[in-house]
*Asks:* 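Structure below; questions to follow.
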Amino acid sequence: MNRRQFAARSLAAVAGVALYDGSGDAAAKDSTGTHPGAVPESLIQKARFPEGFLWGAATASYQNEGAWNEDGKGESIWDRFAHTQGKVRGGVTGDVACDQYHRYAQDIALAKQLNLKTYRFSISWPRVQPTGVGAPNIKGLDYYSRFVDALLEAGIRPWCTMYHWDLPQALEDRGGWPNRDLASYFADYAGILAKHLGDRITTWAPFNMPWAIAFMGYAAGAFPPCRTRFSDFLKAAHTLALAQGQAHRAVKAASPKATFGSAYEMAPAYPKTGSDDDRAAAERYHAMNNVFFLEAAMHGRYPRAFVGEPPLDVMGFMPGDEKLLYAPLDWVGFHYYTRRVVSDASKEQFQNGGNFSGTEIESNSPGGRDPYTRFRSAMPTEGPLTDAGLEVWPSGIYDLVSRITRDYNHPIIEITESGCGYLDSPDEELHGRVPDTRRILWYRETLAELARAIADGAKVRAYHAWTLLDNFQWAEGYTERYGLIYTDFRNQKRTIKDSGFWYGRVAASNRLDP
Ligand code: FCB
C-alpha cells in the first residue's frame with residue numbers, strides 16, 4: 001500500500017472524529033479514548049511540562065523559502081528534482097513555496113503570537129555557497145542574519161539545521177554524498193555559518209534525517225538525486241557521519257558559544273513476534289534507522305545494524321576514521337511521527353532491494369529490505385491513520401524517549417519534529433476558521449506521553465511541532481498539510497488553525513487542557 005492508499009483509508013477511518021461541535025478543545029476531548037492506542041483522558045489532564053520548557057515549531061528552507069534563484073542562490077538537487085517532469089505530485093515545485101524569503105517577518109510575528117520560544121529552521125547551502133565550495137555569497141548570509149535577528153527580537157531561540165536536504169547540485173555533479181570529499185566541503189560550510197552567525201545562534205545541528213538523506217537519495221531513489229545502489233547508500237551514510245564529526249569541530253572552532261546536537265528521524269521498533277529472530281531484527285532496525293549516526297558521534301563506531309560484520313570496505317571506511325566520527329553531542333535531537341513493526345528476513349532468499357514511497361514508509365522485497373540488514377519493517381495500521389498516511393501511536397514517543405534516555409545515560413533531549421498531516425481548511429460557516437480537531441487530538445495524546453516520559457526522568461527540554469505553516473511537502477507537493485497555520489498557496493494568506501491557537505495556550509501554560 002502506498003501513502004495515497006493509506007491516506008484514503010485514514011480519511012474513512014477518522015471521518016467521524018472530524019465533526020466539529022463548537023470548540024476545538026471540547027471536540028478533541030470528546031474523541032479521546034475511542035481508538036486503538038488511545039491515551040486515557042486522565043493522563044492528558046494530569047500532564048505538566050517543566051517551567052521553562054521550550055515550545056516551538058520546525059521548518060525547512062526548501063519547504064518554506066521559495067526565492068529559488070534570487071540573490072545569487074545556486075541550484076539545489078531539490079530544484080533540479082522539482083523541475084523534472086513527473087517527480088513531484090501535481091507537477092508543482094518549491095520555487096515559491098510559502099514565499100518565506102520575503103515574508104519571514106510576518107511568519108516570525110505569527111510564531112510569537114503562538115508563544116513559541118524556539119524556532120527550528122534550516123539554512124540552504126546553495127544560498128550560502130552556490131556551488132557548495134568557495135567564498136560565501138554575502139547576500140545569502142545577510143538573509144539568514146536578518147532572519148535570526150528577527151527571531152531574537154521576538155524572544156525566540158534560533159535553532160539552526162545546517163542541511164535539510166537541499167544539496168548544491170554542483171556537489172551532486174561531483175558524485176554526491178557517496179563521494180567522501182563532501183565531508184570536508186560540508187565542514188567548510190559549517191565553519192562559514194558559525195563564523196557569520198555564531199554570535200547569535202548557539203543551537204546547531206548538521207543534518208535533518210541523515211539516514212533518509214542516504215537511503216531515500218541513494219538506495220531507494222525516491223528523493224533526489226534518485227540513485228539506486230545499496231553500496232552508494234552505505235558510502236553516503238559514511239560520508240554523512242564523517243561530515244557530522246568534522247562539522248562539529250568546525251562549528252566549535254569558529255564559535256565558542258556553540259552547542260552541537262542532531263535532528264535524527266527515529267521510530268520505535270517493535271518485534272513482530274516474541275521470537276529471538278524478530279527481536280534481533282527490531283534491534284537491527286533501531287541500530288540502522290534510529291541510532292546509526294548517534295552511535296558514530298557518541299562512540300566513534302557504528303552500531304550492530306547488519307547481519308554479520310559491518311561492510312566497512314563497501315562503506316569506504318579508512319584506518320583512523322573512528323577518531324573522525326567521534327564528536328560527542330551536547331544534546332540529542334530526534335523526531336517522532338510514528339512506529340514500526342519489524343520482522344527477521346535473514347533466513348530467506350534475498351531478491352533485489354526493497355523500495356520506498358513517501359517520506360518514511362518502507363515496503364520490502366521478500367528477502368528483506370537490503371542484503372545487509374535483512375529485516376522487514378512495516379508501519380502498522382492498528383491505530384487510526386492521519387490524512388498523510390502515518391499511524392497515530394502516541395505511546396511510541398514514550399518508548400523512544402525512554403530508550404534513548406536509558407541507552408545514552410540521560411542526555412538532554414530535544415524533540416526536533418513531531419506532528420501530523422490533516423487536510424482541514426478554512427470553513428466558510430465558521431467565518432473562515434480552521435477546525436482541525438484531529439490535529440489537536442494528535443498533539444494532546446502525543447504530548448501526554450511525552451510528559452509521562454519526563455515525569456519518569458527523561459531530560460527533555462524542547463518540543464518542535466512540525467510545522468509552523470503548511471508548506472511544500474517534498475515529493476507529495478502541496479497535498480499534505482502539517483501546519484499549525486493554514487497557508488493558502490494561491491495568495492499566501494496565513495490563517496491560524498484551531499490547533500495553532502490551542503498550541504499557543506499550551507506553550508503559555510505548560511499543560512494540555514489550557
Ligand atoms: C520529515 C521531514 C520534514 C517534513 C516531515 C513531514 O520527515 O524532516 O521535512 O517533511 O517529515
Side-chain angles (χ1 to χ4, degrees), residues 3-4 6-7 10 56-65 76-78 81-82 87-89 92-94 97-98 100 119-125 159-167 205-217 220 222-224 240 261-267 289-290 293 333-340 356-362 379 385-392 396-397 400 414-423 436 439 442-443 446 463-485 487 499:
R3 253 190 144 177
R4 280 296 107 185
F6 277 132
S10 106
T59 64
S61 49
Y62 187 73
Q63 295 182 275
N64 288 73
E65 287 174 356
S76 81
I77 56 172
W78 270 93
F81 179 82
K87 293 297 188 188
V88 176
R89 190 175 297 280
V92 297
T93 70
C98 305
Q100 192 171 65
Y119 186 105
R120 176 173 168 246
F121 66 102
S122 79
I123 291 184
S124 158
W125 187 353
W159 194 121
C160 178
T161 315
M162 294 181 249
Y163 181 98
H164 199 129
W165 302 1
D166 38 5
L167 182 72
F207 297 110
N208 179 68
M209 302 173 59
W211 176 85
I213 296 168
F215 199 95
M216 300 297 281
F223 284 175
L240 287 158
S262 59
Y264 302 131
E265 72 267 49
M266 292 196 190
N289 286 59
N290 294 346
F293 298 91
F334 54 89
H335 308 350
Y336 179 71
Y337 288 94
T338 191
R339 64 169 174 161
R340 292 287 186 279
F356 271 56
S357 66
T359 307
E360 297 195 67
I361 297 171
E362 296 113 282
M379 187 197 67
L385 305 178
T386 66
D387 289 351
L390 300 185
E391 189 201 24
V392 179
I397 196 170
L400 185 58
E414 299 224 3
I415 302 300
T416 36
E417 278 180 30
S418 183
C420 47
Y422 289 112
L423 291 168
D436 58 336
R439 180 172 287 101
W442 194 96
Y443 279 117
T446 305
Y463 181 87
H464 298 85
W466 182 271
T467 179
L468 184 67
L469 61 159
D470 298 336
N471 56 32
F472 177 86
Q473 182 50 40
W474 306 116
E476 304 301 329
Y478 296 100
T479 65
E480 292 181 354
R481 292 180 175 271
Y482 277 86
L484 296 168
I485 297 173
T487 307
S499 61

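Remember, it's a predicted structure, so these values are computed and weren't measured experimentally. Whatever order the structure lists ligands and atoms in, that order sets their numbers, starting from 1.
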*Asks:* Would a line drawn from the ring center of Trp165 to the ring center of Phe223 be shorter than 6.0 Å?
*Replies:* yes
*Asks:* Could you tell me, atom by atom, which parts of ligand 1 come under 4.0 Å of a heavy atom of Tyr337?
*Replies:* 1 (C), 5 (C), 6 (C), 11 (O)
*Asks:* List ligand 1 atoms under 4.0 Å from Gln63, heavy atoms only on the residue side.
*Replies:* 3 (C), 4 (C), 9 (O), 10 (O)
*Asks:* Give the atom numbers and elements of ligand 1 that come within less than 4.0 Å of a heavy atom of Trp474.
*Replies:* 3 (C), 4 (C), 9 (O), 10 (O)
*Asks:* If you count the atoms of ligand 1 from 1 in the order shown, which ones are under 4.0 Å from a heavy atom of Glu417?
*Replies:* 1 (C), 2 (C), 3 (C), 5 (C), 8 (O), 11 (O)
*Asks:* Say whether Glu265 and ligand 1 are in contact under the criterion: heavy-atom distance to a ligand atom below 4.0 Å.
*Replies:* no
*Asks:* Using a strict 4.0 Å cut-off to heavy atoms of Gln473, name the atoms of ligand 1 that fall inside it.
*Replies:* 4 (C), 6 (C), 10 (O)
*Asks:* Please indicate whether any nitrogen or oxygen in Tyr482 is less than 3.5 Å from any nitrogen or oxygen in ligand 1.
*Replies:* no
*Asks:* Can you confirm whether the side chains of Arg340 and Asn290 place a donor and an acceptor under 3.5 Å from each other?
*Replies:* no
*Asks:* Under the criterion side-chain contact (heavy atoms from CB on, under 4.5 Å), which of His164, Glu265, Met216, Met266 is the partner of Met209?
*Replies:* Glu265
*Asks:* Which pair of heavy atoms, one from Leu240 and one from Ala214, lies closest together, and at what distance?
*Replies:* CD1-CB, 3.9 Å
*Asks:* Taking 4.0 angstrom as the limit and counting only heavy atoms of Asn208, give me the atoms of ligand 1 inside it, by number and element.
*Replies:* 8 (O)
*Asks:* What residue among Trp442, Tyr337, Phe334 forms side-chain contact (heavy atoms from CB on, under 4.5 Å) with Ser418?
*Replies:* Trp442
*Asks:* For ligand 1, is there an atom lying under 4.0 Å from some heavy atom of Glu480?
*Replies:* no
*Asks:* Pull out every atom of ligand 1 sitting under 4.0 Å from any heavy atom of Met209, numbered as shown with elements.
*Replies:* 1 (C), 2 (C), 7 (O), 8 (O)
*Asks:* Please tell me whether Asn64 and Thr59 have a donor and an acceptor in their side chains that are separated by less than 3.5 angstrom.
*Replies:* no
*Asks:* When you compare the side chains of His335 and Thr416, does any donor N or O come within less than 3.5 Å of an acceptor on the partner?
*Replies:* yes
